[in-house]
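Values in this document were obtained by computation on a predicted structure and should not be read as measured data. In listed order, ligands and their atoms are each counted from 1.
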Amino acid sequence: MHFDATREAGLARLAEFLPRAGRAYANNRNHDDGVERTNVSQLSPWLHAGLLSEAEVVDAVLAQHSPGAAEKFIAEVFWRVYFKGYLEQRPAIWDDYCEGRDAALSALKGNTGLTTAYTKAVEGRTGIEAFDHWARELVETGYLHNHARMWFASIWIFTLKLDWQLGADFFLRHLIDGDAASNTLSWRWVGGLHTKGKTYLARPDNIARYTANHPDGPFAADGLSDDALHLEEGHEYSRQQLDLPGAPPSSMFDKPYALLLHDEAASHVPLDLPSPPTLVIGAARPEARSSGEIGADARVFANGAVQSGMEEAAAAFGCPARPWPAETKLADIIAHDGIERIAVPYLPTGWTRDALMPELAPMSDAGRTVFLLDDLNRATWPHARAGFFGVKKKIDGVLSELGIAGTRDEAQSALPLG
Ligand SMILES: Cc1cc2nc3c(=O)[nH]c(=O)nc-3n(C[C@H](O)[C@H](O)[C@H](O)COP(=O)(O)OP(=O)(O)OC[C@H]3O[C@@H](n4cnc5c(N)ncnc54)[C@H](O)[C@@H]3O)c2cc1C
């Protein structure tokens with residue numbers, strides 16, 4: 001599977017996957033069938049980059065499948081939204097992860113035994129066939145199946161007994177869809193830090209069963225730990241009140257403004273702007289994912305998404321586009337166009353926010369920014385207070401409140417509901 005960093009490629013992947021997003025997805029999604037997979041969508045890189053929105057993906061799925069048949073796929077998309085909303089209410093989890101990761105990376109330097117164990121793990125030389133395969137697949141392709149991510153994280157933590165933050169960092173540096181919320185909270189979930197005390201234990205029979213159709217499978221996983229004692233941290237993360245931007249009045253866009261596209265919002269299309277910007281700015285910051293080296297696939301996709309999004313927006317609005325490299329001051333980029341404001345698609349907790357906010361904050365303080373958050377995330381995040389169930393039970397309500405019921409086109413409505 002090649003991930004092309006354009007909205008067009010994301011839409012093509014969505015159209016191709018749609019017929020399988022109903023009951024076929026619910027029945028087959030847990031199998032890791034190798035890189036030519038058809039049982040999962042592999043839409044996560046485009047969703048993470050904001051080249052596709054969750055709302056349009058769900059709408060397209062409901063156009064081809066009944067709500068019952070599409071329930072599982074839609075729930076998975078809402079796991080993504082849930083994790084975002086959860087981290088937004090506990091941003092200290094991200095800050096502590098970054099600090100812990102940097103400490104763990106430094107600790108490697110002074111400890112030969114640890115460095116050897118870590119290097120064997122990330123180079124796929126542990127002797128655990130399944131794990132070694134996924135370590136190499138991640139580095140070579142920038143993607144892993146969800147079940148492989150769960151098994152990998154579990155073996156990393158409970159069998160290899162490596163620091164979970166080093167594992168989360170390895171994922172974030174290489175996953176094309178690397179996402180501060182989904183990645184950090186999933187690693188915490190496997191280790192028993194998210195749902196306190198509840199861990200995920202990888203078992204050889206489960207791995208063999210769900211890799212049976214893999215061209216190199218079924219994978220052996222000998223010597224796995226058969227217990228998963230949950231990780232501990234000395235404190236609870238208390239929930240902070242969400243302060244989300246409402247839908248801005250169209251008057252905010254009357255004066256000349258610049259649109260900022262970034263790693264998590266690389267396309268203008270889902271933003272539905274009331275009037276065209278005077279300038280499009282593109283800021284890609286994949287290098288801010290980690291203090292370690294970023295994998296080529298993740299870097300190329302993030303840079304390519306912002307570049308293609310900038311070009312498309314400039315063509316659609318008939319305005320210039322300018323990249324905002326990390327070493328350049330934002331003020332210099334907007335100095336000459338009479339720009340009053342910058343429209344900034346919401347920067348959720350994570351590295352893009354960390355990298356861009358220091359420069360945006362003074363503009364925000366001066367009332368010169370307008371933050372844009374889509375309706376689906378705005379409506380869902382307040383329910384991401386504790387476990388996923390709190391969001392799950394609200395999915396139908398959110399979709400009906402937003403009128404997301406499946407927009408059928410002529411060709412699609414001829415198909416039977418899957
Ligand atoms: C340890 C670990 C780390 C992970 N790191 C990331 C990450 O950095 N970025 C990321 O996007 N996802 C992450 N996930 C979640 C999940 O594995 C991927 O979203 C999914 O595998 C993407 O493949 P897909 O698009 O084919 O998913 P599909 O099965 O086709 O699902 C459709 C969409 O729903 C969302 N989704 C599906 N499953 C999950 C899930 N369990 N949690 C959150 N969202 C989900 C994704 O946006 C996905 O594109 C992680 C999971 C684990 C266990």
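Note: Tyr257 and Phe253 meet the aromatic proximity criterion, with ring centroids under 6.0 Å apart. Aromatic ring centres of Phe131 and His133 lie farther apart than the 6.0 Å criterion allows. The six-membered or imidazole ring of Phe317 lies near that of His268, with a centre-to-centre distance under 6.0 Å.
In terms of protein heavy-atom proximity, atom 33 (C) of ligand 1 is closest to Val77 CG2, 4.0 Å. Closest to atom 8 (O) of ligand 1, if we only count protein heavy atoms, is Asp179 N, 2.9 Å. Of the protein's heavy atoms, Ser41 OG, 2.6 Å lies nearest to atom 30 (O) of ligand 1. Given atom 3 (C) of ligand 1, the protein heavy atom at minimum distance is Asn183 OD1, 3.4 Å. Protein heavy atom at the shortest distance from atom 23 (O) of ligand 1 is Tyr143 OH, 3.0 Å. The protein atom (non-hydrogen) at minimum distance from atom 2 (C) of ligand 1 is Ser186 CB, 3.3 Å. Nearest protein heavy-atom contact of atom 9 (N) of ligand 1 is Asp177 O, 2.9 Å. Of the protein's non-hydrogen atoms, Gln42 N, 2.6 Å is the one closest to atom 26 (O) of ligand 1.
Of all atoms in ligand 1, listed by their number and element, those nearer than 4.0 Å to a heavy atom of Leu47 are 47 (O), 49 (O). Those atoms of ligand 1 that come under 4.0 Å of a heavy atom in Phe83, given as number and element, are 42 (N), 43 (C). Interface of Ser44 with ligand 1, defined as ligand atoms under 4.0 Å from a residue heavy atom, comprises 11 (O), 22 (C), 23 (O), 25 (O), 49 (O). In the vicinity of Trp187, heavy-atom distances shorter than 4.0 Å reach the ligand 1 atoms 1 (C). Atoms of ligand 1 found under 4.0 Å from any heavy atom of Phe171, numbered from 1 in the order shown, are 1 (C), 3 (C). Residue contact check: Phe73 has heavy atoms under 4.0 Å from atoms 30 (O), 32 (C) of ligand 1. Less than 4.0 angstrom separates some heavy atom of Gly178 from each of these atoms of ligand 1: 8 (O).
Considering Val280, Ile281, Leu279 as possible partners of Pro277, the one that fulfils the side-chain contact (heavy atoms from CB on, under 4.5 Å) test is Val280. The residue from Val391, Thr349, Leu185 that alone fulfils the side-chain contact (heavy atoms from CB on, under 4.5 Å) condition with Tyr86 is Leu185.
Looking at Asn146 against ligand 1, both its backbone and its side chain come within 4.0 Å, counting heavy atoms. By the criterion of a heavy-atom distance under 4.0 Å, the side chain of Tyr25, and not its backbone, is placed next to ligand 1.
Taking only nitrogen or oxygen atoms, main chain and side chain alike, Phe17 does not reach within less than 3.5 Å of ligand 1. Backbone and side-chain nitrogen or oxygen atoms of Glu76 are examined, and one is located within less than 3.5 angstrom of a nitrogen or oxygen of ligand 1.
A 4.5 Å side-chain heavy-atom check between Tyr143 and Val35 finds every atom pair outside the cut-off.
A cation-pi arrangement is absent between Arg13 and Phe3 under the rule of less than 6.0 angstrom and at most 45 degrees off the ring axis.
The pair Glu233-Arg188 meets the salt-bridge criterion, since a charged nitrogen lies less than 4.0 angstrom from a carboxylate oxygen.
In this structure, the separation between CH2 on Trp381 and CG on Leu376 is 10.5 Å, given to the nearest 0.5 Å. Between atom CD of residue Glu129 and atom OG1 of residue Thr211 there is a gap of 8.0 Å, rounded to the nearest 0.5 Å.
Residue Lys329 qualifies as open at atom NZ: its count of foreign heavy atoms under 6.0 Å is 12 or below.
Tyr25 and Glu71 share no side-chain donor-acceptor pair at under 3.5 Å.
In this structure, Val190 falls outside the shell of residues with a heavy atom less than 4.0 angstrom from ligand 1. By the 4.0 Å heavy-atom criterion, His48 is excluded from the residues contacting ligand 1.
Remark: the backbone N or O of Thr6 is paired with a side-chain donor or acceptor of Trp46 at under 3.5 angstrom.
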